[in-house]
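Atoms within a ligand are numbered from 1 in the order they appear, just like the ligands themselves.
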Amino acid sequence: MSARFRKHATEIAGIVSVERLPIGDERGFFERVYCAGELESLTGGRPIVQINRTLTHRKGTVRGLHFQYPPDAEIKLVSCLRGEVLDVAVDLRAGSPTFLRWHAERLSALEHRMLIIPEGCAHGFQTLVDDSELLYLHTAAHAPAAEAGVHPEDPALAIRWLLPVAELSSRDAGHPWIAKGFQGVSL
Ligand SMILES: Cc1cn([C@H]2C[C@H](O)[C@@H](COP(=O)(O)OP(=O)(O)O[C@H]3O[C@H](C)C(=O)[C@H](O)[C@H]3O)O2)c(=O)[nH]c1=O
């Protein structure tokens, strides 16, 4: 059976950009959004246990940067279903050679691409157009007690957002700067 995905490694281990390979015909296209078998090498065979969707009205809004601590650490598979975003993953893994490094890439409804955010990495995005929608597949359920976040404008990360930050939830604005002694997330 021919592959329905093409995987592209990034400069950060585990953060992988996955190209979906749609099958087009005169009606439009068919694409596989997820496949346990083909994506097993990226998910470690963990099942998808929760699927979330967000709609963000205003261009320039930032959501994130979020992660969950073990034992509720999760892998996220993020796709854009409408509009366009700059999707960002930050390596918070203790001992990682790319600790506090980040990877950013545009995801849009017009391209067939998904970003894989591994356990121990924080995820966030900025909308590049109004009314952008994201779909998230999670390998762990939402666990508020395990949730944490890093500030999207933290100078220790120096994330280059493409637009001025137009909107931030009070929760996200309240994430503290990364503390000097922060060792990262032990997985
Ligand atoms: C994540 C989550 C949230 N919620 C509730 C908690 C709040 O009452 C409400 C909004 O949550 P929050 O403000 O944390 O959601 P966002 O800031 O949009 O976070 C989202 O965007 C960033 C970029 C992400 O990576 C998160 O995974 C994703 O959920 O949904 C749930 O009920 N279930 C869930 O799985």
Are the side chains of S79 and L107 in touch, meaning some heavy atoms are under 4.5 Å apart? no

Is the backbone N or O of G64 less than 3.5 Å from a side-chain atom of D172, with the two atoms forming a donor-acceptor pair by type? yes

Checking the side chain of T98 only, and the main-chain atoms of I12 only, is there a donor and an acceptor separated by less than 3.5 Å? no

Quick one: pull up CD1 in I48 and CG in L137 and give me the separation to the nearest 0.5 Å. 4.5 Å

For atom 30 (O) of ligand 1, decide whether some protein heavy-atom distance is shorter than 4.0 Å. no

Atoms in ligand 1 flagged as close to Q50, the criterion being non-hydrogen separation under 4.0 Å: 33 (N), 34 (C), 35 (O)

So, does Q126 use its side chain to make a donor-acceptor pair with the main chain of L162 at under 3.5 Å? yes

Heavy-atom contacts under 4.0 Å between L65 and ligand 1: side chain, backbone, both, or neither? neither

Pick whichever of K76, Q68, E74 has a heavy atom sitting closest to atom 25 (O) of ligand 1. K76

Keeping the roles fixed (side chain from R58, backbone from A166), state whether a donor-acceptor pair exists under 3.5 Å. yes

Taking only heavy atoms of H123, which atoms of ligand 1 are found under 4.0 Å from at least one of them? 23 (C), 24 (C), 25 (O)

Which residue and non-hydrogen atom of the protein lie closest to atom 20 (C) of ligand 1, and at what distance in Å? Y136 OH, 3.7 Å

Identity of the nearest option to atom 3 (C) of ligand 1, non-hydrogen atoms only, from E147, Q126, H142, H138: H142

W161 side-chain N/O to V62 backbone N/O, donor-acceptor pair under 3.5 Å: no

If you measure every N or O of H66 against every N or O of ligand 1, does any of those distances drop under 3.5 Å? yes

Check ligand 1 against N52 and write out every atom of the ligand that is under 4.0 Å from a heavy-atom position of the residue. 34 (C), 35 (O)

Nearest protein heavy atom to atom 9 (C) of ligand 1: under 4.0 Å? no

Right, does atom 16 (P) of ligand 1 have protein non-hydrogen atoms nearer than 4.0 Å? yes

Please check whether R171 reaches ligand 1 - meaning an N/O of the residue sits under 3.5 Å from an N/O of the ligand, judged on distance alone. yes

For atom 18 (O) of ligand 1, what is the closest protein heavy atom, and at what distance to 0.1 Å? R63 NH1, 2.5 Å

Name the orientation class of the two ring planes belonging to F67 and Y69 (parallel below 30°, tilted from 30 to 60°, perpendicular beyond 60°). perpendicular

Can you tell me if H142 and Q50 form a side-chain donor-acceptor pair at under 3.5 Å? no

Tell me whether G124 reaches ligand 1 (any heavy atom closer than 4.0 angstrom to a ligand atom). yes

